[in-house]
Amino acid sequence: YYDGWCSLCIGIVKILEFLDIPGTVTYYSYRNLKMPPTGLSWEKLERNAYLVTSKGNRYQGFFAFRMLTLRVPVFLILTPFLWLPGISTFGKAIYRWVSDNRDRLFACGS
């Protein structure tokens with residue numbers, strides 16, 4: 001799930017869809033939903049992108065991107081780096097900063 005009103009999010013999803021040649025991931029703008037998915041709220045969706053697996057496992061923000069690298073073959077080269085000790089702390093901080101500033105930096109509207 002991503003923010004379909006955010007130019008940054010839309011751009012990233014377009015790139016991901018293009019690179020996901022086997023089409024293993026489906027992307028949904030939470031803005032098109034009538035109700036938030038089970039276990040999520042509008043506030044959580046506004047703050048983070050989410051990856052939900054076919055088994056129902058849910059990953060948010062940096063962890064969603066990290067799991068996405070396992071599903072989109074072109075990103076497999078990044079996967080080992082994203083699992084190094086300490087990377088998640090750094091990744092979460094970068095993700096949070098971008099998420100908190102995306103309206104200002106990337107003309108994302110809510």
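Computed from heavy atoms alone, side chains included, the values below leave out hydrogens, waters and symmetry copies. We count residues from 1, following the sequence as given.
- Both I87 and L68 are part of a single hydrophobic cluster, where members link through side-chain heavy atoms under 4.5 Å apart.
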**OP:** Mind running side-chain contact (heavy atoms from CB on, under 4.5 Å) on R71 and T53 for me, showing each step along the way?
**Re:** CA-CA 10 Å; R71 288 158 175 78; T53 68; 3.1 Å; yes

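- Counting non-hydrogen atoms of neighbouring residues, nucleotides and ligands closer than 6.0 angstrom, the CG atom of L84 exceeds 12 such neighbours.
- A donor-acceptor pair under 3.5 Å links the side-chain atoms of S99 to the main chain of R47, judged by distance alone.
- Here E46 contributes atom CD and D3 contributes atom CG; the two are 5.5 Å apart, rounded to the nearest 0.5 Å.
- Between the side chain of N101 and the main chain of W97, a donor-acceptor pair closer than 3.5 Å is present.
- When side chains are defined from C-beta on, S29 does not count as touching V13, because their heavy atoms never get closer than 4.5 Å.
- The cluster map of Ile, Leu, Val, Met, Phe, Trp and Tyr, joined by side-chain heavy atoms under 4.5 Å apart, puts Y28 and M67 in different clusters.
- Rounding to the nearest 0.5 angstrom, the gap separating the OH atom in Y1 from the OG1 atom in T26 is 10.0 Å.
- Between the side chain of R66 and the backbone N or O of L82, at least one donor-acceptor pair lies under 3.5 Å.
- In this structure, W42 and Y30 have tilted ring planes: the angle between them lies in the 30° to 60° band.
- For the pair N48 and Y95, the minimum side-chain heavy-atom distance is below 4.5 Å.
- Side-chain contact between F18 and V74 is absent, with no heavy-atom pair separated by less than 4.5 Å.
- Looking at P36 and K44, their side chains never come closer than 4.5 Å, going by heavy atoms from C-beta outward.
- Between V25 and E17, every side-chain heavy-atom pair lies at or beyond the 4.5 Å cut-off.
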